[in-house]
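Notes for the one structure printed next.
Just so we're on the same page: letters track the sequence lines, and every chain starts at 1.
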2 protein chains.
Amino acid sequence: MTSDTSTEVQWLTAEQQTQWRSFRGGAARLFAALEHELERDTGLSTHEYEVLVRLSETPDRTLRMAQLADNLAHSRSRLTHTIRRMEEQGLVSRVPCVEDARGVNCTMTEKGWQVLVAAAPSHVQSVRDHLVDVLTPEQFAALGDAMETVRLHLTGGACHVE
Amino acid sequence: MTSDTSTEVQWLTAEQQTQWRSFRGGAARLFAALEHELERDTGLSTHEYEVLVRLSETPDRTLRMAQLADNLAHSRSRLTHTIRRMEEQGLVSRVPCVEDARGVNCTMTEKGWQVLVAAAPSHVQSVRDHLVDVLTPEQFAALGDAMETVRLHLTGGACHVE
DNA sequence: CCGTGGTTGTTGAACTGTCAACCAAACTGT
DNA sequence: ACAGTTTGGTTGACAGTTCAACAACCACGG
């Protein structure tokens, strides 16, 4: 779309549009490449990988479903489906929560841990190859800062990432 | 594979990890928000919107399926499905290509044009609200530059247009 | 010509994510 | 104590994506 001075819409400048497209296109291709390489090398999707990462960072490798969903910015139902599939693969297990009988605790199994440990080096290398090592440290830091600002703004600053 | 001084994995520093997570999390939430708002306000998915944008930028509002797929970084089959659905909605039409009997030209209909014109202001505003106006011009420019570098690296510098 | 190989685009099955409906348990106020 | 509301999580139907197989066509070298 080209800018149109006859409307009240505040269009993007040509420069902003180029930058926006670079961002969208670059991010889409980057995430697609990472997804593809992780799947190829380890059989995990990035979503499954992220689930394992989050669980691995808690003392008892356990999280409530809702916390996991919030952390990953996934819908509850999406997480339910994902966890069910991962449970079938033996990567995680679900146990009812004692303190809150509505709740469900999701725990990483030993197999899940081993799968994560085996997958991590390859994935980290992918992130390096396609993102971190392609940019200067300053560029990469700017990327992180900017997107953190975006995230805080989107979540009303109320999101704690743990 | 990069040449490494040892067989050990080169992990990300704590700082890099934070930045990477901010980037991934922020981008995921941003794209999800834009998708949701576009769908809510116009009934279009971002993929359909992008198809219409690309078509609108050619002189005759027409592109070959393969060019469209490359432009959007979508698989051929994905594009075929998307275009079939859009054709059912009357947004685009497909006609066999004269120069190359294998090919198919995808053209925007008048309805498609009107839908795009009606959708664009709302979408641009969303992009402003959640991204452009949240950052300084320098931050936003840095984002675009960095992701353009990433994109060029991923596509071997062989990707044109945009 | 013919055959081989590469390109273009489509198809259908399997998989993944979305959405709305739903149940059960926990809180809330009277 | 108890109806009404909120929260945690699941389910099933539906929509969109992926993947492999396929058909049709071009291009090029015998």
Checklist line | Contact nearer the 5' end of DNA chain C, comparing A:Glu99 with B:Met65 | finding: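 Mapping each residue to its closest nucleotide by heavy atoms, the 5'-most match is B:Met65.
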
Next item on the list: Would you classify A:Arg84 as touching base, sugar-phosphate or nothing, given that sugar-phosphate means primed atoms plus P, OP1 and OP2, and contacts are heavy atoms under 4.0 Å?
Entry: nothing

Next item on the list: Just call it for B:His81: base, sugar-phosphate, or nothing, with non-hydrogen atoms closer than 4.0 Å on any strand.
Entry: base

From [atom1] of [X] over to [atom2] of [N], roughly how many Å is that when rounded to an integer?
{"X": "B:His74", "N": "C:dT10", "atom1": "NE2", "atom2": "P", "answer": "16 Å"}
{"X": "A:Asn105", "N": "D:dG9", "atom1": "CG", "atom2": "C1'", "answer": "13 Å"}
{"X": "B:Leu79", "N": "C:dT11", "atom1": "CG", "atom2": "C1'", "answer": "15 Å"}
{"X": "A:Leu68", "N": "D:dG8", "atom1": "CG", "atom2": "P", "answer": "14 Å"}
{"X": "B:His47", "N": "D:dG16", "atom1": "NE2", "atom2": "C1'", "answer": "8 Å"}
{"X": "B:Met86", "N": "C:dT10", "atom1": "CE", "atom2": "P", "answer": "14 Å"}
{"X": "A:Glu88", "N": "C:dC15", "atom1": "CD", "atom2": "P", "answer": "11 Å"}
{"X": "A:Leu44", "N": "C:dT16", "atom1": "CG", "atom2": "P", "answer": "12 Å"}

Can you check whether [X] has a side-chain N or O nearer than 4.0 Å to OP1 or OP2 of [N]?
{"X": "A:Arg102", "N": "D:dT7", "answer": "no"}
{"X": "B:Arg85", "N": "D:dT17", "answer": "yes"}
{"X": "B:Arg64", "N": "C:dG9", "answer": "yes"}
{"X": "B:Arg78", "N": "D:dA15", "answer": "no"}

Next item on the list: State whether the number of non-hydrogen atoms from other residues, nucleotides or ligands found under 6.0 Å of B:Gln89 atom CD is greater than 12.
Entry: yes

Next item on the list: Decide whether A:Asp129 and A:Gln125 meet the rule of one side-chain donor and one side-chain acceptor closer than 3.5 Å.
Entry: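 Judged by distance alone, the side chains do pair up.
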
Margin query: For a quick check under 3.5 Å, do B:Glu50 and B:His74 share a side-chain donor-acceptor pair by atom type?
Written below: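 Distance-only check fails for B:Glu50 and B:His74.
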
Notebook entry, point to check: If you check every side-chain atom of B:Asp100, which of C:dG17, C:dT11, D:dC26 has the closest atom?
Noted result: D:dC26

Next item on the list: With the side chain of B:Arg76 defined as its heavy atoms from C-beta on, choose the nearest nucleotide among D:dG8, C:dG9, D:dA13.
Entry: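 Of D:dG8, C:dG9, D:dA13, C:dG9 is nearest to the side chain of B:Arg76.
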
Checklist line | Residue mapping more 5' on DNA chain D - nearest nucleotide basis, B:Val98 or A:Ser77 | finding: A:Ser77

Check: Between A:Glu48 and A:Arg84, is there a salt bridge with N-O shorter than 4.0 Å?
Finding: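 Salt bridge: no.
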
Item checked: Nearest non-hydrogen partners of A:Leu68 and A:Leu55, listed with the distance -> CD2-CD2, 4.2 Å

Next item on the list: Ignoring hydrogens and angles, answer whether the base of C:dC19 and the side-chain atoms of A:Ser75 contain a donor-acceptor pair closer than 3.5 Å.
Entry: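 No.
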
